[in-house]
Amino acid sequence: MDLLEYQGKQLFAKHGVPIPEGRPATSPGEAAEAADALGYPVVVKAQVLIGGRGKAGGIKLAKDRTEVEQHAAAILGMDIRGLTVREVYIEKASDIAEEYYAAIVFDRSARAPLVMLSRMGGMDVEEIAESDPKAIVRVHIDPLVGFQDFHGRLLAFEAGIAEDVIRPVGALLAKLYDTFVEEDAMLVEVNPLLVTGDRQVVALDSKFTVDGSALWRHPDTAAFRNPSADDPQEAMARERGLTYVKLDGDIGILGNGAGLVMSTLDVVAQAGGQPANFLDAGGGSKAEAIVDAVEVILSDPKVRAVLFNIFGGITRCDEVARGLVTAFGQIDVKVPFVVRLDGTNDEEGRRILAEADLPGVHVEKTMLGAAARVVELAAGS
Amino acid sequence: MSILIDSDTKLVVSGLTGREGTFHGLNNRRYGTDLVAGVTPGKGGQDVEGVPIFNTVHDAVSETGANTSMVFVPPRFAADAVLEAADAGVELVICITEGIPAHDMLRVYTHLKRTSTRLIGPNCPGVLSPGKANVGIIPAHFFSPGGVGLVSRSGTLTYQIGNEIAGRGFGNSTIVGIGGDPVVGSSFIDVIALFEADPETELIVMCGEIGGDEEERTADYIAEHVSKPVVAYIAGFTAPPGKTMGHAGAIVSGSKGTAAAKAEALEAKGVRVGRTPTEVAEIAASTLGAAAA
């Protein structure tokens, strides 16, 4: 789960990472009030989960109340690379002496947190890596030992940052590491990490990804979820506890088990079709879950045909078949379905479907046969 | 022979008294696995259909000689249960639980590397050595003993491919689900090294998916250390970047972890990659058929 800049900064502040003062706002009036309370000049910053906000005109300096209202009015509702801005963050303007880069990532490959520091802040880390790979200093941290003061010194000296801020930058990194671990982050990035004219070190931006599996121990972070930013089908699926990812095509897909569903998408694409979604009904899917899944898939108006690819392990094919029969009783289904049932109780499942004789439901025996059939039906319907 | 589990396996299940734990634990026992104990704190002295329950894994090990643990407890208790089993000296821990926080697993992984305990999973279907033992939720009736070692990040996809291989008349030495999380106890490399050393395994099938760089590293390892034929499958060619495809670890980050890059890396090292589960089974069957002829 990705957090907006100001949400990430709230978590920074909780762990003592210094940030400039600021407040979120959802209207020009609220923005002006926030700016009055903070004192001028302020920066009005679009809150969207995408980079390049500045270039898109989503970050503006305002020297008085009128300017704050103007900028907030222009930025709220603005489209930045496909995302609509619904909130702005009003932040006290900082004067900039140096811009550094700091980040901690959950390095799967090394199976350790990776702390990175560079004196070349303000640009993408990929750009830094390209222009001067040595400018990014990297240190892996043993998760059972944690971040020590020497790690901070090692990073700061090697990165070649200004000598007078070696100590405060090290201290900030230590607090950033606390944030990373205690908030169950997969990524925290501070770009730029700012040294102000009076040599204060502050996090001027935040990029923050939290482990979705750990949200149960962070109810405040879980509440950050902003449903208005979600795709409507994805929001509906989440409410019903289904694992669903919206894609661009017109063939609805349901399967059981993440690997099999991914494989099903691939096989449909190879057969010349375009999957509309990823939907994993999970292990042991019961009939009600199937009804929910059919509703979610069909709520996408682009869907022209649906493929059910079930290999029964814990999931029983007869349960899936019953769920499909129930779903057809409750929902007015207008598109063709291809159903492939294999594994536990597959014969019983196919018998149930044959008896129910649902309109537009085609039963196929193999995964490849089912993929070819659904592509044909989507093209023809 | 087989790897990891066999007729010498003595299994203790953490969470045996839970609904899923009881169902699958007893299912494993019916298959022939020697289920010797369950652990549920506070329920020591009770039993589940004749299987004694202990308060701690330590008690279960000292009373029954358990050498393998299956963890079937909810995510917030799972890391603790794995560490408890390791502390009690259990050699092999198989963790089925899905949804364990990644930071918890990082600590568990780092600690276990300093012990002699091997972890399979989490977020995995378990391990099956057909005809000998089944630990986990793999539907064993699809599989028979044979020469194909199967290792996978995914459950149902493994059944799909395993079933297609079985349909062509070939059985399995052992089937290992290593799990779909960002940090798992054993990697493809760890399991493939065991298959390479296992006399019964004639051919190895690995089933990877998007995310991380395990498959790429495995390609290098195979080129240098594996003499047996390896056939691979990679799921997720159509997965868009930045979206988690069901498994917590299945995510393309920027341009990293794509299926195409993984398939290329494997093919560059001489590993044949099937483009569909069916093609994987065909390649495996023709390779084994040619070896037998």
Side-chain angles (χ1 to χ4, degrees), chain A residues 2 106 108-109 111-113 126 142-145 180-182 184-187 211-217 243 245-249 255-270 274-275 278-280 282-284 309-315 342-344 366-368 371, chain B residues 20 24 75-76 98-104 106-107 109-111 113-114 125 137-139 141-142 152-161 163-164 180-183 207 209-214 217 233-240 243-250 254 259 275-278:
Chain A
D2 296 326
F106 190 103
R108 283 171 73 157
S109 179
R111 296 173 185 96
E126 288 84 8
D142 183 322
L144 299 180
V145 175
F180 179 77
V181 173
E182 285 166 35
D184 281 290
M186 301 305 281
L187 166 76
D211 178 9
S213 295
L215 286 177
W216 53 269
R217 58 185 168 209
T243 309
V245 177
K246 177 84 175 287
L247 302 168
D248 289 335
N256 61 321
L260 185 63
V261 183
M262 271 187 272
S263 175
T264 307
L265 302 182
D266 292 351
V267 168
V268 164
Q270 283 168 16
Q274 290 190 321
F278 168 103
L279 197 158
D280 176 9
N309 185 23
I310 302 293
F311 193 95
I314 308 182
T315 305
D342 208 340
T344 308
T366 68
M367 184 163 158
L368 295 183
Chain B
E20 296 280 301
H24 293 288
R76 61 182 75 189
E98 176 176 4
I100 303 176
H103 280 268
D104 289 5
L106 200 58
R107 286 185 284 269
Y109 177 91
T110 310
H111 174 69
K113 283 291 147 188
R114 292 161 196 175
I137 62 174
I138 297 176
H141 56 279
F142 298 119
S152 173
R153 271 162 75 177
S154 154
T156 44
L157 184 55
T158 315
Y159 315 154
Q160 170 72 35
I161 291 177
N163 197 41
E164 296 218 30
D181 276 358
V183 177
C207 229
E209 62 192 34
I210 54 165
D213 65 353
E214 273 298 316
R217 282 143 56 115
Y233 179 73
I234 305 291
F237 278 85
T238 41
K243 295 279 190 178
T244 306
M245 304 301 272
H247 286 152
R275 294 294 150 169
T276 63
T278 308

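So that the names make sense, note that chain A is the first sequence line, chain B the second, and so on, each numbered from 1.
- Heavy-atom pairs under 4.5 Å with chain A peak, among T238(B), D213(B), V183(B), T276(B), at T238(B).
- In terms of heavy-atom pairs under 4.5 Å with chain A, the best-connected choice from S154(B), P139(B), P182(B), G155(B) is P182(B).
- For L215(A), no part lies near chain B; criterion is any non-hydrogen pair under 4.5 Å.
- With a threshold of 4.5 angstrom between heavy atoms, D142(A) approaches chain B through side-chain atoms but not through N, CA, C or O.
- The contact between D342(A) and chain B is made entirely by side chain atoms (from C-beta outward), counting heavy-atom distances below 4.5 Å.
- Both the backbone and the side chain of L265(A) come within contact range of chain B, each with at least one heavy atom under 4.5 Å from a heavy atom of that chain.
- Residues V245(A) and T244(B) come closest through the heavy atom pair CG2-O, 3.6 Å.
- Note on E209(B), H103(B), H111(B): by heavy-atom pairs under 4.5 Å with chain A, the leading option is H103(B).
- Residue D211(A) touches chain B through its side chain alone, counting heavy-atom pairs closer than 4.5 Å.
- Of the atoms belonging to A112(A), it is backbone heavy atoms, and not side-chain ones, that fall under 4.5 Å from chain B.
- Heavy-atom distances place both the backbone and the side chain of V181(A) under 4.5 Å from chain B.
- With contacts defined as side-chain heavy-atom distances shorter than 4.5 Å, the pair W216(A)/P101(B) qualifies.
- Checked against side-chain hydrogen bond (donor to acceptor under 3.5 Å, both in side chains), S263(A) has the following partners two or more places apart in sequence or in another chain: Y233(B).
- From L247(A), atom CG reaches atom NZ of K243(B) across 8.0 Å, with rounding to the nearest 0.5 Å.
- In this structure, chain B has a heavy atom under 4.5 Å from the side chain of F278(A), while its backbone stays farther away.
- The parts of S213(A) that come within reach of chain B are both its backbone and its side chain, each placing non-hydrogen atoms under 4.5 angstrom from that chain.
- Ranked by heavy-atom pairs under 4.5 Å with chain A, the list E214(B), E164(B), R114(B) is led by R114(B).
- The choice from R275(B), R76(B), E98(B) that makes the most heavy-atom pairs within less than 4.5 Å of chain A is R76(B).
- Looking at residues two or more places apart in sequence or on another chain, you find a side-chain hydrogen bond (donor to acceptor under 3.5 Å, both in side chains) between D104(B) and R217(A), R107(B).
- Of the listed residues A259(B), P277(B), P75(B), S152(B), the one with more heavy-atom pairs under 4.5 angstrom with chain A than any other is P277(B).
- With values rounded to the nearest 0.5 angstrom, T110(B) atom OG1 is found 5.0 Å from L144(A) atom CG.
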